[in-house]
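Everything on this sheet refers to the single structure shown next.
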Amino acid sequence: MRAFIISDNTDSLVGMKIAGINGIIAHSREEVINAINHLKEQKDIGIIIITEVVAGYIPEELIEMKLAKNGPLIVEIPDRHGSARGSDYIAKYMKESIGLKI
């Protein structure tokens, strides 16, 4: 299984390419949707990595893909500017999900 990144900036793409992960740059909703549809057809793609900015282009489609039983795993990562969610995002998520405060 291979991973593939869809990024909105060159820095994230180059960093992933250094790690051996191919990808593309997308700057519009249509480019992202076309890329994801193409990747879904490739059976050897197991993980699609997208930056948070790219995820913002297709929020409804991401929810559907994450809830689907088939298809590649979707992973959102922050870009070179850091996360837009804040530094305590994971702690808040855990508290909301399971009621555990860390």
Side-chain angles (χ1 to χ4, degrees):
M1 289 294 198
R2 293 185 308 136
F4 193 90
I5 182 168
I6 304 172
S7 177
D8 64 308
N9 65 73
T10 307
D11 294 336
S12 297
L13 180 62
V14 169
M16 289 298 199
K17 282 191 175 189
I18 290 171
I21 298 173
N22 289 326
I24 62 164
I25 294 178
H27 292 291
S28 71
R29 175 180 170 82
E30 293 78 27
E31 289 176 336
V32 175
I33 290 173
N34 289 338
I36 288 176
N37 288 336
H38 178 69
L39 292 171
K40 283 182 177 179
E41 295 172 3
Q42 298 182 26
K43 299 300 179 194
D44 63 333
I45 299 293
I47 301 171
I48 299 175
I49 303 166
I50 59 173
T51 59
E52 289 178 347
V53 173
V54 170
Y57 296 150
I58 56 164
E60 296 86 18
E61 290 83 357
L62 278 180
I63 291 170
E64 289 177 20
M65 288 178 63
K66 287 179 179 181
L67 294 175
K69 301 274 186 221
N70 57 356
L73 174 67
I74 306 295
V75 179
E76 293 177 44
I77 63 168
D79 64 7
R80 66 177 183 230
H81 301 294
S83 180
R85 296 180 176 158
S87 61
D88 61 344
Y89 168 72
I90 294 177
K92 284 182 182 179
Y93 181 73
M94 287 185 63
K95 185 176 180 186
E96 290 172 6
S97 300
I98 59 175
L100 179 64
K101 183 177 180 180
I102 56 172

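In this chain, numbering begins with 1 at the start of the sequence shown. Keep in mind the model is a prediction, meaning the values are calculated, not measured.
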> When rounded to the nearest 0.5 angstrom, what is the spacing between CE in Met65 and CG in Asn70?
Replying inline: 9.5 Å

> What distance do Ile50 atom CD1 and Ile6 atom CD1 have between them, rounded to the nearest 0.5 Å?
Replying inline: 7.0 Å

> Are side-chain heavy atoms of Ile49 and Ile74 found at a separation under 4.5 Å?
Replying inline: no

> Are Met16 and Val53 joined in one hydrophobic group, where the rule is that I, L, V, M, F, W and Y side chains link up if heavy atoms are under 4.5 Å apart?
Replying inline: no

>> Looking at every non-hydrogen atom in both residues, tell me the closest pair between Ile45 and Met1 and how far apart they are.
In response: C-SD, 4.2 Å

>> Restricting to non-hydrogen atoms, name the atom on Ser7 and the atom on Thr51 that form the minimum distance, rounded to 0.1 Å.
In response: OG-CG2, 3.7 Å

> Does some side-chain heavy atom of Ile77 sit less than 4.5 Å from a side-chain heavy atom of Glu52?
Replying inline: no

> Got a second to check how far His38's NE2 is from Ile24's CD1, nearest 0.5 Å?
Replying inline: 8.5 Å

> Is there a path from Ile21 to Val75 through hydrophobic residues (I, L, V, M, F, W, Y) whose side chains come within less than 4.5 Å of each other?
Replying inline: yes

> Tracing side-chain links under 4.5 Å among I, L, V, M, F, W and Y, which residues wind up in one group with Ile63?
Replying inline: Leu67

> How many angstroms lie between CZ in Arg2 and CD in Gln42, if you round to the nearest 0.5 Å?
Replying inline: 6.0 Å

> Taking C-beta and beyond as the side chain, do Ile5 and Asn22 meet within less than 4.5 Å on heavy atoms?
Replying inline: no

> Of the non-hydrogen atoms in Pro72 and Ile47, which two are nearest, and what is the gap between them?
Replying inline: CB-N, 4.2 Å

> Are the side chains of Ile33 and Tyr57 in touch, meaning some heavy atoms are under 4.5 Å apart?
Replying inline: no

> What are the two closest heavy atoms between Asn9 and Ser12, and how far apart are they?
Replying inline: OD1-N, 2.7 Å

> Do you know which two heavy atoms are closest between Asp8 and Val54, and how far apart they sit?
Replying inline: N-CG2, 3.6 Å

> Going through the checks in order, is the salt bridge (charged side-chain N to carboxylate O under 4.0 Å, His left out) test met by Glu61 and Lys66?
Replying inline: CA-CA 9 Å; Glu61 290 83 357; Lys66 287 179 179 181; over 6 Å; no

>> Hydrophobic clustering (ILVMFWY, side-chain heavy atoms < 4.5 Å, transitive) - are Leu73 and Ile36 grouped together?
In response: no

> Taking only residues two or more places apart in sequence or in another chain, which ones pass side-chain contact (heavy atoms from CB on, under 4.5 Å) with Ile25?
Replying inline: Thr10, Leu13, His27

> Closest approach of Ala55 and Glu76, non-hydrogen atoms and distance?
Replying inline: CB-OE1, 3.5 Å

